[in-house]
Amino acid sequence: MMFPYPSAEGLHVGNLFAFTGADIFGRFRRLQGFDVFEPMGFDAFGIHSENYALAVGTHPAKLIPRNIETFRRQLRRFGGMFDWRHELSTTDPAYYKWTQWLFLQLFKHGLAYRKRAAVNWCPACKTVLANEQVINGYCERHPDVKVEQRFLEQWFFAITRYAERLLDHLTYLDWSDSTVALQRNWIGRSEGAEIVFETPAGSPITVFTTRPDTVFGATYLVLAPEHPLVDALSGQEQRRVVREYQREVQGRDIVSRKVGDRTKTGVFIGSYARNPATGESIPIWIADYVLMEYGTGAIMAVPAHDKRDFEFATEFGLPIRQVVRVEGEALPVVSENGTLVNSAPFDGMPCAGAAREIVQWLERSGAARAQVQYRLHDWCISRQRYWGPPIPIIYCDACGPVAVPEADLPVELPFIEDFKPDDSGVSPLARHAEWYHVPCPRCGAPARRETDVSDTFLDSSWYFLRYPSTEFDDRPFDAGRTRTWLPVTTYIGGNEHAVLHLLYSRFITMVLHELGHLEFEEPFPKLRAHGLIVKDGAKMSKSRGNVVVPDAYVQKWGADTFRMYLMFLGPFQEGGDFRDEGITGIRRFLDKVWILGHEAAVARPGGLPPAVERKLHQTIRKVTDDTEALRYNTAIAAMMEYVNEMRNAECRMRNGVEPLLVMLAPYAPHLCEELWARLGHAKSIFVEGRWPAFDERLAAEEEVELVVQVNGKLRARLTVPRGVTQADAVARAQREASVRKFVDGKDVRKVVYVPDRLVNLVV
RNA sequence: GCCGAAGUGGUGGAAUUGGUAGACGCGCUGCGUUCAGGGCGCAGUGGGCGCAAGCCCGUGUGGGUUCGAGUCCCACCUUCGGCACCA
């Protein structure tokens, strides 16, 4: 299961829902005879803890152990089958030593690099803000201070080099469709072309487009305001306005820049480029709706066939030329199912074909080439914060960035009281010269540690690799242990991690595989996403005040009842609405099982009545299939039916109860363990119990109910021996008064017979 | 705007993948047990008409395919989740 972030509020129902679902599966597999390793750990670094510690005026290093203690207590209490010997916390130096090691592996192989990148900067806090801390362009803590963008040197991981592989592998991974869809979306593959627009100044502009078929309609170019060619291409007279616009854009935060419904702004930079298709000279503009980080940071604007370009052209009175026609559609025509017009030799061609041909045609003069773009960006792992693992790099004036020698790991996070952002304008560790002044590991000259820490998602990108090897301090993961237990056989978690955590883990695993540290390339061959528990139709959140705290429920009803209640709420993979009403139904059921178990302990031995035996085997079949598929709600319903059947038949036999206890044990481990002991077993049900096998012959009904339809409408139900012939079934059907009423005096034109199920007479 | 999921009784949800719609719970009604309440047990519980047998209607809306549609196809409506000036 995905390990939790140990919040100060304690385990919430969402955690418990997820962990129960995973725990049931683990216990089920164990009862089937598998070796099951169910580890647990804590994702305890990060801005969450840091902000919370700031808010309540304590230190995260004091806060986190308390929170973990609470989590541990709650996790033990709900009955997870955890192997506590392998517990881990990402804040433990013994753990993050290897997180830092991981960084160094990427650094040494050129997969970690430094780049200037925009961050949100609050001039009042004098610190970097996460995107979530920017509220409508203003600082979360200073509602009247506008957030700006600043450029800082930051560390990036080159995940985009793996974009194609990360996408391709999705076709064979056994993952929930919903998760695959989210991840595909996030990687965002677009096929298109790069097209080169020459300029008289001699600096050609390359643009990326997914619609090369519309190149004849490109009536101007737009560059991102930060585009490196802007300076060189700006005309003398426009230079001042261009600078002013660039400053204006930089003065805004990086969040609101990307809100699409703003009125478009931009300026003409005073020069022109040549459209390689038409040969025309077209104006070059800059505008903040073009982003430097996607494609080439420059676009060819085709206002007739792009909504944004259309708005921009309308705003600034730029020419709009239609080159694609779709029956009955007004401009802008965005559809790709049209025909070309005003496109010289390509007129009349459908868009799709024209796109290919135009790229080939332009390619001959070197003005274009087919190109695939990904939406995915490289992973920025720098955090100008305190509560994380220091990035293990030392800057030397002579040697540049130098890796901390592996023997010197971990670079421990020092305990500092003043971890709060203050007016000094630097990250907290950068205020501690005694910590960051170190000699260069290569030349020995005075040097300086990196004072940023790494992203929490780096901590969680490899924790599953650590679990089996927690006791080794000389290697991140032991080869033998890893071969036995990894990759993760079944990974269960929520779709809130569909992109970041699940993508980063896949990336890191791929890299470690490539560097020869792992035999497998994918960390989670099988992944199941569970649903969301909501309250009164809305996501639970502190601000809504609808957070359900599980402790009181466990206290009042017991862990087993609460576990089962959560699983009975709805399909595990869809989640459900939390409401107290249904919980009593589960409690009643468990009470019945409790009584049944005690009665079985003193019942006379003997064979089961045939009806009970049949129901038992049907139940085994259903509970096995449903548990396997994580359909816990219907598995529980099937066990309820079986208990009802036993009670109706007044059967209390041990051989009817024991298989039930084994099937129920993953769901209600405490109760079943107790009853198992009371039935005289010396060892735990999870040691001695074996998942029952079902016998298809015993599960089969001797008599079946046959539905009789006339023209598809239900007219009668007959009880017949299983396996009746069609002729027999039709004859029986035609004897029924309720059927004859609709058939007599008419010709039966057709008979549809579904064996043991239905007869349909068509008249 | 794009991607994904889902709309079924008073209610949470079932439905073997085209074959009895409403399993299993909750709630509600009646009866029993009890001085009483709770608990427990038994019976009933989609809507309409009917004394009844029974008949008609019914899975967001409208059309279609089929002997037969909650399930498949087309168009639409609504809700939820994700992404989003990504060219």
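In what follows, every chain begins at residue 1, and chains take the letters A, B, ... in the order their sequences are listed.
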Study note, to complete from the structure: Mate of C28(B) across any strand shown (Watson-Crick or G-U wobble, both atom pairs under 3.5 Å) is G44(B)
Review point. Considering Watson-Crick and G-U wobble pairs with both distances under 3.5 Å, what does G9(B) pair with?
Key: none
Check your understanding: Under 4.0 Å: is that the gap between some side-chain N or O of Lys713(A) and OP1 or OP2 of C57(B)?
Key -> yes
Review point. Within the pair Thr584(A) and G25(B), is there a side-chain N or O less than 4.0 Å away from OP1 or OP2?
Key: no
Check your understanding: When you check the glycosidic angle of G9(B), does it come out syn, meaning within 90° of 0, or anti?
Key -> syn
Practice item. Indicate yes or no for a side-chain donor-acceptor contact from Thr160(A) to the backbone of Asp378(A) under 3.5 Å, with no hydrogens or angles considered. Key: no
Review point. Should Glu702(A) and Arg722(A) count as an ion pair when the cut-off is N to O under 4.0 Å?
Key: no
Point to revise | From G41(B), C24(B), U20(B), nucleotide with atom closest to Phe568(A) side chain | key: C24(B)
Exercise for review: Identify the nucleotide, in any strand shown, that forms a Watson-Crick or G-U wobble pair with C35(B), with both distances under 3.5 Å; if there is none, say none.
Suggested key: none
**Study point:** Side-chain donor/acceptor contact of Glu581(A) with base of G25(B) under 3.5 Å
**Key:** no
Exercise for review: Could you check which nucleotide pairs with G1(B) in any of the strands shown, counting Watson-Crick or G-U wobble with both distances under 3.5 Å?
Suggested key: C83(B)
Check your understanding: Is the phosphate of C2(B), meaning OP1 or OP2, less than 4.0 Å from a side-chain N or O of Asn185(A)?
Key -> no
Check your understanding: So what does Gln709(A) touch, heavy atoms closer than 4.0 Å: a base, only the sugar-phosphate, or nothing?
Key -> base
Point to revise | Rounded distance (nearest 0.5 Å) linking atom CH2 of Trp557(A) with atom CZ of Phe562(A) | key: 11.0 Å
Check your understanding: Atom CZ of Arg722(A) to atom P of U16(B): distance rounded to whole Å?
Key -> 20 Å
Check your understanding: G4(B) phosphate, OP1 or OP2: any side-chain N/O from Asn495(A) under 4.0 angstrom?
Key -> no
Review point. Contact class for Ser190(A) (heavy atom, under 4.0 Å): base, sugar-phosphate, or nothing?
Key: sugar-phosphate
**Study point:** Separation of C85(B) P from Leu291(A) CG (nearest whole Å)
**Key:** 7 Å
Study note, to complete from the structure: Whichever of Val762(A) and Gly585(A) has the more 5' nearest nucleotide on RNA chain B, that residue is Gly585(A)
Exercise for review: Would you mind telling me which of C67(B), G4(B), C83(B) lies closest to the side-chain atoms of Ser178(A)?
Suggested key: G4(B)
Review point. Between the main-chain N or O of Asn711(A) and the side-chain N or O of Gln709(A), is there a donor-acceptor pair closer than 3.5 Å?
Key: no
Point to revise | Ion pair Arg749(A)/Asp747(A), N-O distance below 4.0 Å | key: no
Exercise for review: Would you mind reading off the distance between Ile299(A) atom CD1 and A87(B) atom C1', rounded to a whole angstrom?
Suggested key: 6 Å
Review point. For the ring pair Phe312(A) and Tyr220(A), is the centre-to-centre distance below 6.0 Å?
Key: yes
Exercise for review: Kindly indicate whether the side chain of Lys307(A) and the base of C85(B) share any N or O donor-acceptor pair separated by less than 3.5 Å?
Suggested key: no
Review point. With sugar-phosphate meaning primed atoms plus P, OP1 and OP2, does Leu758(A) contact a base, only sugar-phosphate, or nothing at under 4.0 Å between heavy atoms?
Key: base
Review point. If you measure from the Lys or Arg side-chain nitrogens to the Asp or Glu carboxylate oxygens, is any gap between Glu315(A) and Lys264(A) under 4.0 Å?
Key: no
Check your understanding: Between the base of U16(B) and the side chain of Arg621(A), is there any donor-acceptor pair under 3.5 Å?
Key -> no
Review point. What's the closest nucleotide to the Val707(A) side chain, out of G19(B), U20(B), C85(B)?
Key: U20(B)
Exercise for review: Look through every strand shown and name the nucleotide pairing with A23(B) as Watson-Crick or G-U wobble, where both distances are under 3.5 Å.
Suggested key: none
Study note, to complete from the structure: When both distances are under 3.5 Å in a Watson-Crick or G-U wobble arrangement, the nucleotide paired with U17(B) is none
Practice item. Measure from the side chain of Pro571(A), starting at C-beta and using heavy atoms only, and say which of A14(B), C83(B), G12(B) lies closest. Key: A14(B)
**Study point:** C26(B) OP1/OP2 closer than 4.0 Å to side-chain N/O of Arg588(A)
**Key:** yes
Practice item. Would you classify Arg631(A) as touching base, sugar-phosphate or nothing, given that sugar-phosphate means primed atoms plus P, OP1 and OP2, and contacts are heavy atoms under 4.0 Å? Key: nothing
**Study point:** Pairwise P distance, A84(B) and A14(B) [rounded to whole Å]
**Key:** 32 Å
**Study point:** Atom-pair distance (CZ on Phe310(A); C1' on G1(B)), nearest Å
**Key:** 16 Å
Exercise for review: Counting heavy atoms from C-beta on, name the nucleotide in G25(B), A87(B), C85(B) closest to the side chain of Asp288(A).
Suggested key: C85(B)
Review point. Are Asp560(A) and Arg587(A) close enough for a salt bridge, meaning some N to O gap below 4.0 Å?
Key: no
Point to revise | Position toward the 5' end of RNA chain B (nearest nucleotide), Ala637(A) or Leu376(A) | key: Ala637(A)
**Study point:** Close aromatic pair by centroid cut-off 6.0 Å: Phe578(A) and Tyr565(A)
**Key:** yes
Point to revise | Touch class at under 4.0 angstrom, heavy-atom based, for Arg749(A) against every strand present | key: nothing
Practice item. Could you work out which one of G19(B), C24(B), C85(B) sits closest to the side chain of Asn760(A)? Key: G19(B)
Practice item. Provide, to the nearest angstrom, the distance between the CD atom belonging to Glu336(A) and the P atom belonging to G1(B). Key: 17 Å
Exercise for review: Indicate, with a heavy-atom threshold strictly under 4.0 Å, whether Tyr642(A) touches base, sugar-phosphate, or nothing.
Suggested key: nothing
Review point. With no hydrogens and no angle check, is any side-chain donor or acceptor of Tyr642(A) less than 3.5 Å from a backbone partner on Gln618(A)?
Key: no
Check your understanding: What does Glu574(A) touch in the nucleic acid at a heavy-atom separation under 4.0 angstrom: a base, only the sugar-phosphate, or nothing?
Key -> nothing
Exercise for review: Can you tell me, in whole Å, how much space there is between the C1' of G58(B) and that of U8(B)?
Suggested key: 10 Å
Review point. Considering only G19(B), G82(B), C24(B), which nucleotide approaches the side chain of Leu182(A) most closely?
Key: G82(B)
Check your understanding: So what does Arg715(A) hit on the nucleic acid, given a heavy-atom distance under 4.0 Å: a base, only sugar-phosphate, or nothing?
Key -> sugar-phosphate
Exercise for review: Whole angstrom is fine here: how far is it from CD in Glu496(A) over to P in G82(B)?
Suggested key: 10 Å
Review point. Under 4.0 angstrom, heavy atoms only, what part of the nucleic acid is Val222(A) near: base, sugar-phosphate, or nothing?
Key: nothing
Check your understanding: Do any side-chain nitrogens or oxygens of Arg375(A) fall under 4.0 Å of OP1 or OP2 in A84(B)?
Key -> yes
Practice item. Please state how far atom CE in Met567(A) lies from atom P in G25(B), giving the value in whole angstrom units. Key: 19 Å
Check your understanding: Is the distance from OP1 or OP2 of C40(B) to the nearest side-chain N or O of Arg587(A) less than 4.0 Å?
Key -> no
Review point. Thr210(A) side chain: which of C67(B), A23(B), A87(B) is closest?
Key: A87(B)
Exercise for review: Just compare A15(B), G68(B), G25(B) and give me whichever is closest to any side-chain atom of Thr634(A).
Suggested key: A15(B)
Exercise for review: Would you mind telling me which of U20(B), A87(B), G19(B) lies closest to the side-chain atoms of Glu705(A)?
Suggested key: U20(B)
Check your understanding: Expressed in angstrom and rounded to an integer, what is the separation of Met663(A) atom CE from C24(B) atom C1'?
Key -> 15 Å
Practice item. Identify whether any heavy atom of Lys741(A) sits under 4.0 Å from a base atom; if not, whether one sits that close to sugar-phosphate; answer base, sugar-phosphate or nothing. Key: sugar-phosphate
Review point. Applying a 3.5 Å limit to both distances, which nucleotide forms a Watson-Crick or G-U wobble pair with U71(B)?
Key: none
Point to revise | Pairwise P distance, C67(B) and G60(B) [rounded to whole Å] | key: 24 Å
Review point. NA contact type, Asp309(A), heavy-atom cut-off 4.0 Å: base, sugar-phosphate, or nothing?
Key: nothing
